[in-house]
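Let me begin by handing over the structure; questions about it come next.
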Amino acid sequence: TTILMTFCLTAAMLFSSCEIFKKDDLLREDIVGEWDITSFTIDGVEAKGSVIKNSKMEFEKYSGTSGDFEWTITYADGTVDFQDGEYEIDEDEKEIELINDGQKIKLEMELIEDRLELEGTIDGERYILKARRD
């Protein structure tokens, strides 16, 4: 009985540590894909539909310690802003860092199924981006 109990406790600890490991990589895995930004607020003002016509983000699978991203913003006047670089996710803090030409932007992130919300300060302005998987 003692051997069986020890075996069960050991198996339970191994299983739970595997589950924790899987949870740690969950954000890295779940963010992969194309995201259509449905709301784009700057300092509390919705820019999508007025100043910004369309915006998309794409995150590629991690390769080593980071992954690649692309971010396209199409403005109402037809101009397009394109950013690409690497991203890193801090699982514990639930943050994503976008790295482009040496510039780093750190955003808080919430990812629930096919909904993504990114929030942070860029150039002194507070951004909140809400997106759905494309």
Side-chain angles (χ1 to χ4, degrees):
T1 309
T2 304
I3 293 173
L4 180 60
M5 190 135 175
T6 302
F7 174 76
C8 289
L9 285 173
T10 303
M13 286 189 313
L14 285 173
F15 178 73
S16 68
S17 69
C18 288
E19 285 301 307
I20 289 170
F21 181 73
K22 284 176 78 175
K23 268 187 183 175
D24 286 346
D25 289 337
L26 194 56
L27 289 175
R28 289 182 189 169
E29 293 171 8
D30 286 351
I31 199 168
V32 173
E34 292 184 20
W35 296 88
D36 182 32
I37 297 177
T38 57
S39 175
F40 195 121
T41 62
I42 304 169
D43 285 338
V45 178
E46 181 62 60
K48 180 113 190 307
S50 58
V51 177
I52 295 172
K53 181 179 177 184
N54 191 22
S55 185
K56 289 187 179 277
M57 294 182 114
E58 181 178 358
F59 297 96
E60 294 182 10
K61 188 174 181 176
Y62 254 60
S63 174
T65 59
S66 64
D68 293 331
F69 81 92
E70 294 179 352
W71 183 5
T72 306
I73 303 171
T74 305
Y75 295 95
D77 67 2
T79 59
V80 177
D81 187 11
F82 178 78
Q83 303 287 323
D84 65 344
E86 295 182 341
Y87 73 94
E88 296 175 2
I89 292 179
D90 183 332
E91 299 280 346
D92 295 330
E93 296 296 322
K94 294 191 169 130
E95 293 179 334
I96 186 169
E97 188 171 56
L98 306 176
I99 305 152
N100 174 318
D101 292 331
Q103 183 182 14
K104 296 180 180 183
I105 298 171
K106 190 174 281 194
L107 303 167
E108 299 167 16
M109 66 182 293
E110 184 177 357
L111 178 59
I112 301 171
E113 295 177 3
D114 287 338
R115 290 177 292 142
L116 173 65
E117 185 170 316
L118 302 173
E119 183 174 345
T121 302
I122 303 172
D123 296 330
E125 297 180 303
R126 191 74 180 163
Y127 282 69
I128 300 175
L129 309 175
K130 295 180 181 181
R132 290 204 173 269
R133 195 175 301 277
D134 198 10

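Atoms considered below: every heavy atom in the structure, side chains included; atoms not considered: hydrogens, waters and symmetry mates.
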Handout entry: Interatomic distance, D90 atom CG to R28 atom CZ [nearest 0.5 angstrom]
Key =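 It is 8.5 Å, given to the nearest 0.5 Å.
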Practice task
State, with a plain yes or no, whether a side-chain heavy atom of I31 is found less than 4.5 Å away from one of M109.
Solution key: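 Touching, per the 4.5 Å side-chain cut-off.
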Exercise for the section: Begin from the C-alpha positions of M57 and L98 and carry the test side chain to side chain contact (heavy atoms under 4.5 Å, CB included) through to its verdict. Expected result: CA-CA 11 Å; M57 294 182 114; L98 306 176; 4.0 Å; yes
Completion exercise
d(L107 CG, L129 CG) to nearest 0.5 Å is 7.0 Å
Practice task
Say whether S39 and E46, considering side chains only, have a donor N or O and an acceptor N or O under 3.5 Å apart.
Solution key: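 Indeed, the side chains of S39 and E46 share at least one donor-acceptor pair under 3.5 Å.
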Fill in the blank from the handout: Value for CD (E34) from CD (E60), rounded to nearest 0.5 Å, stands at 10.0 Å
Exercise for the section: Using a 4.5 Å cut-off on heavy atoms from C-beta on, say whether the side chain of E108 contacts that of E93. Expected result: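 SC-SC contact between E93 and E108 ruled out.
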Problem - Y75 side, atom OH; I52 side, atom CD1 - distance, nearest 0.5 Å - result: 5.5 Å
Problem - D77 atom CG: more than 12 heavy-atom contacts under 6.0 Å - result: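 Atom CG in D77 is crowded, with more than 12 foreign heavy atoms closer than 6.0 Å.
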Practice task
Answer whether the closest heavy-atom distance between the side chains of I73 and F40 falls below 4.5 Å.
Solution key: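 A side-chain contact exists here, since the closest heavy-atom pair is under 4.5 Å.
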Practice task
Side-chain contact test, heavy atoms from C-beta onward, threshold under 4.5 Å: evaluate it for Y127 versus L118 and give yes or no.
Solution key: no
Handout entry: Side chains of K94 and E110 in contact at under 4.5 Å (non-hydrogen atoms)
Key = no
Handout entry: Criterion side chain to side chain contact (heavy atoms under 4.5 Å, CB included) on F59 and I96, from CA distance to verdict
Key = CA-CA 11 Å; F59 297 96; I96 186 169; 3.5 Å; yes
Practice task
Without swapping roles, check the side chain of D84 against the backbone of F69 for a donor-acceptor pair under 3.5 Å.
Solution key: no
Exercise for the section: Please assess W35 against R133 for the test side chain to side chain contact (heavy atoms under 4.5 Å, CB included), listing each intermediate value before the final yes or no. Expected result: CA-CA 4 Å; W35 296 88; R133 195 175 301 277; 3.3 Å; yes
Exercise for the section: Considering non-hydrogen atoms only, spot the tightest contact between S50 and A76 and give its length. Expected result: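 Heavy-atom minimum between the residues: O-CB, 3.1 Å.
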Exercise for the section: For the residue pair W71 and N100, establish whether any side-chain heavy-atom pair is separated by less than 4.5 Å. Expected result: no
Practice task
For the residue pair I89 and Y62, establish whether any side-chain heavy-atom pair is separated by less than 4.5 Å.
Solution key: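 Yes, their side chains come closer than 4.5 Å.
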Handout entry: Passing option when E119 is tested against R126, K130, K106 for salt bridge (charged side-chain N to carboxylate O under 4.0 Å, His left out)
Key =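 Going through the options one by one, the only one that passes is R126.
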Problem - Spacing of L111 atom CG and E29 atom CD [to the nearest 0.5 Å] - result: 11.5 Å
Exercise for the section: Answer with yes or no whether the hydrophobic clustering places I122 together with I99; edges join I, L, V, M, F, W, Y residues whose side-chain heavy atoms lie under 4.5 Å apart. Expected result: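 Result: no, two separate clusters.
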Fill in the blank from the handout: Between D123 and Q103 the two heavy atoms that sit nearest each other are OD1-NE2, 4.3 Å
Problem - More than 12 heavy atoms from other groups under 6.0 Å of NZ on K48 - result: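 More than 12 within 6.0 Å, yes.
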Handout entry: Separation of D114 CG from D134 CG (nearest 0.5 Å)
Key = 10.5 Å
Problem - Exam field: side chain E58 to backbone T72, donor-acceptor pair closer than 3.5 Å - result: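 No.
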Handout entry: Side chain to side chain, R132 and R115, heavy atoms closer than 4.5 Å
Key = yes
Handout entry: Audit row: N54, D36, side chain to side chain contact (heavy atoms under 4.5 Å, CB included) steps and yes/no
Key = CA-CA 8 Å; N54 191 22; D36 182 32; 3.5 Å; yes
